[in-house]
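Order of appearance sets the numbers: ligands from 1, and atoms from 1 within every ligand.
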Amino acid sequence: MNVTVVGIGYIGLPTACLLVRAGHDVTGVDIDTSKIQSLKSGKVPFEETGLQKLLTAVLKTNRFHVASKIEASDVYIIAVPTPQEREKADLTFVKNALESIISVMHGGELIIIESTIYPGASKKELLALLLKSDKQFLLAHCPERAIPGRTIYEMTHNNRIIGGLTRQAAVKTKKLYASFVKGHIDITDITTAEYCKVMENTYRDVNIALANEYAKIAEEVGIDIWEAIRLANKHPRVHIHSPGPGVGGHCIPVDPWFFVGISKHAKLIHTARDINDGMPAYVVKKLEYYIKKHNIKKPKVGILGLAYKKNVGDIRESPTFAVIKLLQKKKISYVVNDPFVKEGTFGCAKLDELLHASNMILVMTDHDVYTNINFSKYKNLRCIYDTRQCLRGPYGHIPFYTLGVGKGI
Ligand code: SAJ
């Protein structure tokens with residue numbers, strides 16, 4: 001089949017490559033010319049495990065092309081971002097992509113939306129654009145389900161949900177995806193598919209909020225939340241998530257707002273968002289408490305981790321940025337490191353430099369490389385605060401604290 005993927009970013013590019021590998025002819029379209037240039041020279045413009053190798057192989061087939069303009073094709077997959085400012089869903093990119101597709105369509109083509117959209121969006125907003133054109137079309141939603149760092153594996157092995165505006169659209173989409181997806185593919189209506197996607201990420205956000213709340217209460221009670229969660233999770237029907245310094249990434253802190261935006265009933269969901277968004281402030285408040293407790297006159301916080309999660313260089317919506325903003329506001333100096341982020345970007349320093357330059361350590365991301373640091377040899381360090389329970393302290397006489405452990409503020 002002839003497929004055009006609109007938006008060749010974190011989701012669009014691996015999808016395009018997997019389609020080529022499955023034998024299709026694919027064109028990747030993007031408005032970002034630097035991305036096009038990079039791909040034309042054979043380079044993946046961002047970090048993703050195994051993607052460079054896949055792209056190199058795919059380019060050799062001569063069945064993958066990149067372009068800045070959409071041209072006629074049998075199938076179109078829209079994988080552009082849907083920015084969300086709290087309750088306000090911004091479908092501008094999706095709508096622009098759809099309008100460009102409509103302008104080159106002959107009629108009867110299949111359009112698949114991979115981008116996350118609010119439940120009801122296809123019928124409420126996208127359908128109107130298509131109907132205005134008088135052209136025949138098939139419309140389906142196949143929300144992506146892949147995690148950065150494991151995108152290729154998950155895109156191949158995860159189960160998928162396909163929602164069709166009509167059954168014909170869903171069946172045709174399933175046939176295309178079955179050419180590279182090894183997981184099970186379920187078919188449903190388009191709005192249910194939209195609802196499922198937003199529900200999945202909201203489920204995670206609410207559960208992380210619950211874990212964060214448990215952690216704060218555990219500090220007041222004076223126990224170790226990590227030990228408590230480990231034990232509670234031995235119950236066959238309990239799966240408590242992990243507390244942390246906040247929720248990052250392009251999906252989990254964003255998607256729950258779609259529900260808040262469309263319904264007054266989304267109360268628990270709204271509260272969960274507030275709890276998770278409040279974690280960076282909670283972390284900074286604890287830091288201030290430790291500064292006072294240990295009488296640190298000129299605090300310099302060595303922040304470990306800029307990425308939003310373990311062992312990846314993805315910094316989108318990372319809670320570390322919120323912590324940095326608060327430290328700046330409070331005029332507390334800091335230095336940051338992340339082994340997965342290019343040195344110098346956002347002021348990222350070398351790890352050794354950071355360890356020598358700071359007198360406090362704040363662990364924001366549980367990258368494996370941090371777990372074995374021998375902090376005891378840095379005599380300048382006055383305390384360590386681990387928000388991920390990834391360190392293996394104690395470290396001699398350096399006071400060592402973990403989020404969710406011991407006495408609260
Ligand atoms: N986090 C916690 N505690 C936990 C789990 C995660 O604090 O117990 C934090 C992480 O540190 C991170 C954030 O939450 O800051 C989100 O990370 P994540 O690994 O849970 O999720 P994402 O955003 O990388 O990917 C999610 C996935 N959704 C689900 O697991 C339901 C993925 O399958 C989706 O495809 C992706 O969102 C997406 O694109 O929608």
Side-chain angles (χ1 to χ4, degrees), residues 7 9-12 14-15 47-49 79-84 113-118 141-161 181 183 193-216 225-226 229-230 232-233 238-258 272-273 275-280 282-283 304-323 338 340 363-367 386-390 403-404:
Y10 292 89
I11 297 300
T15 305
E47 274 299 313
E48 180 54 49
T49 316
V80 296
T82 40
Q84 173 87 1
I113 316 286
E114 276 245 10
S115 313
T116 307
I117 48 182
Y118 69 84
H141 181 45
C142 181
E144 49 98 350
R145 265 184 182 167
I147 207 144
R150 272 167 65 86
T151 299
I152 295 168
Y153 179 86
E154 292 215 344
M155 274 187 178
T156 317
H157 293 89
N158 283 358
N159 302 326
R160 298 292 288 259
I161 297 175
V181 171
E194 293 164 345
Y195 205 96
C196 285
K197 166 69 191 193
V198 180
M199 243 191 346
E200 289 163 17
N201 284 347
T202 301
Y203 164 86
R204 209 148 160 83
D205 197 46
V206 170
N207 276 286
I208 296 167
L210 181 62
N212 283 332
E213 196 158 283
Y214 283 157
K216 292 190 254 185
I225 193 60
W226 306 88
I229 290 176
R230 190 179 65 80
N233 280 348
V238 173
H239 175 58
I240 301 169
H241 287 39
S242 305
V247 173
H250 54 311
C251 299
I252 295 185
V254 174
D255 296 356
W257 290 116
F258 286 136
R273 267 295 63 242
I275 291 172
N276 290 337
D277 272 353
M279 288 312 289
Y282 185 80
V283 166
L304 298 184
L306 191 61
Y308 79 89
K309 66 177 182 186
K310 195 182 171 130
N311 298 340
V312 295
D314 196 332
I315 56 169
R316 291 175 294 172
E317 314 293 326
S318 171
T320 303
F321 288 112
V323 163
D338 195 302
F340 296 91
V363 178
M364 287 293 290
T365 316
D366 42 350
H367 293 317
D386 178 6
T387 65
R388 298 281 192 176
Q389 205 237 16
C390 66
L403 174 74

Next item on the list: Decide side chain to side chain contact (heavy atoms under 4.5 Å, CB included) for M279 and K216; before the verdict, give the C-alpha distance in whole Å, the side-chain angles of both, and the deciding distance to 0.1 Å.
Entry: CA-CA 10 Å; M279 288 312 289; K216 292 190 254 185; 3.9 Å; yes
Which side-chain N or O atoms in residues 241-248 pair as donor and acceptor under 3.5 Å with protein atoms at least two apart or in another chain?
| from | atom 1 | to | atom 2 | distance (Å) |
| --- | --- | --- | --- | --- |
| H241 | ND1 | H239 | O | 3.3 |
| H241 | NE2 | R204 | NH1 | 3.4 |

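E200 meets the salt bridge (Lys or Arg N to Asp or Glu O under 4.0 Å) test with R145; sequence neighbours excluded. For D386, there are no salt bridge (Lys or Arg N to Asp or Glu O under 4.0 Å) partners, not counting sequence neighbours.
Between R273 and D205, at least one side-chain nitrogen of the basic residue sits less than 4.0 Å from a carboxylate oxygen of the acidic one, meeting the salt-bridge criterion.
For ligand 1, the 4.0 Å heavy-atom shell takes in E144, R145, A146, I147, P148, K197, E200, N201, R204, I208, H241, S242, G246, V247, G248, H250, C251, I252, Y308, K309, R388, ordered by chain and residue number.
Put simply, the side chain of D255 never gets that close to the backbone of T202: no donor and acceptor are under 3.5 Å apart.
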